[in-house]
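Accompanying notes for the structure given below.
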Amino acid sequence: MNSNKIDLGLKGKTIFITGASRGIGLAIALRAAKEGANVIVASKTDSPHPALPGTIYSAAKEIEAAGGKALALKCDIRNEEDVKKAVEEGAKHFGGIDICINNASAIFPKGTLDVPVKRYDLMQGVNTRGTFITSQACLPYLIESAKKGRNPHILTLSPPLNIDAKWFKDHTAYTISKFGMSMCVLGMSAEFKDRGVAVNALWPKTGIATAAIRNVLGGDDLMNQCRTPDIMGDAAYYILTSPATECTGNFFVDEKVLRAVGQTNFDHYAYVPGTKEFWPDFFIEEQDGDGVGLRKARL
């Protein structure tokens, strides 16, 4: 199908997103909501957590306040039946699914001797397995979306693949789980290219100020060297509004996506205004993610 006959916008599109009750997932959902998207908030956080902000219900309210429509569904993506039920319920509610965003992730970046097997299983279950299960459940709807010219995408929050040992030696278990997500991108992008479904990855160049940074990696000191999740929301927007048949199989990096569409000032993304030096995120090499394949657009 010619890209000029495809609806590239997000208005009226339905997005199924995992782990969107807070952080990066919520930022992506809110950016899409500003364009009039429908958002299925699939997460297991249905009641307030003492150490984590937000629930599926508070996220849904924010999405609707931003201009979108929302459906909050409790879902543990480690549970196949949970995922299938949530996808089916969301598709029935909104009349289909056009975009799947694999955002939910578990992190425990420790050395091999310091990773309990339960933690290993959690990371594998949420990250690699959860991405596969969620994508698999959404794909029949995405294929139908392609037939209708609705520009379907899978976007996975995972890093560029790089088998340099330096990305494994300090946190082998975590790296395996995140690269597993990226391998889903690599394989599915080729598998579904001819069916009109784009599959891409997006990863931040710098640390992003989220609960994971504060609670797992480095507390407020590290948070102060991060950018806000809004940069990921803006980058995701440009990927999701690029033609699915032309923009697939990419491992994008947030800042380079935005530079590819003409943005040059990133100061407003600093978690602490005025910050110039940021903590570089895991797995990032200087050459990663040049933004090739993006629809040229103005901010």
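The first residue in the sequence is number 1, and the count goes up from there.
- Each of D254, I208, L258 was scored for a side chain to side chain contact (heavy atoms under 4.5 Å, CB included) with Y269, with one residue passing: L258.
- In this structure, R227 forms no cation-pi arrangement with Y271, as its terminal cationic atom is not both closer than 6.0 Å to the ring centre and no more than 45° off the ring axis.
- In summary, D82 and K44 do not engage in a salt bridge, as defined by a charged side-chain N under 4.0 Å from a carboxylate O.
- The pair R31-D234 meets the salt-bridge criterion, since a charged nitrogen lies less than 4.0 angstrom from a carboxylate oxygen.
- Between R195 and E191 there is no salt bridge, since no side-chain N of the basic residue sits under 4.0 Å from a carboxylate O of the acidic one.
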Derivation and outcome, side-chain contact (heavy atoms from CB on, under 4.5 Å), residues I239 and L155: CA-CA 8 Å; I239 297 168; L155 182 62; 4.1 Å; yes
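- Under the 30°/60° scheme for interplanar angles, the aromatic rings of F283 and F179 are found to be tilted.
- Taking the six-membered ring where the residue is Trp, the centroids of H171 and F108 are separated by 6.0 Å or more.
- Distance check: S158 OG to L161 CG gives 7.5 Å after rounding to the nearest 0.5 Å.
- Nearest approach of T210 to I24, heavy atoms of both residues: CG2-CG1, 4.2 Å.
- For the side chain to side chain contact (heavy atoms under 4.5 Å, CB included) criterion with V41, the lone passing option out of L73, I63, I15 is I63.
- What you find for A104 and N127 is that their closest heavy atoms are O-OD1, 4.3 Å.
- Note: M232 CE to F252 CZ = 12.5 Å, rounded to the nearest 0.5 Å.
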Stepwise side-chain contact (heavy atoms from CB on, under 4.5 Å) test for K178 and Y174: CA-CA 6 Å; K178 293 305 294 187; Y174 175 61; 3.5 Å; yes
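- Taking 4.0 Å as the cut-off between side-chain N and carboxylate O, E88 and K84 do not count as a salt-bridged pair.
- The heavy-atom pair separating L202 from A236 by the smallest distance is CD2-N, 3.9 Å.
- Listed by first and then second residue, the side-chain hydrogen bond (donor to acceptor under 3.5 Å, both in side chains) pairs that reach into residues 89-102 are D98-S145, D98-R150, N102-S135, N102-T156, sequence neighbours excluded.
- Considering every non-hydrogen atom in both A198 and T248, the closest pair reads CA-OG1, 3.4 Å.
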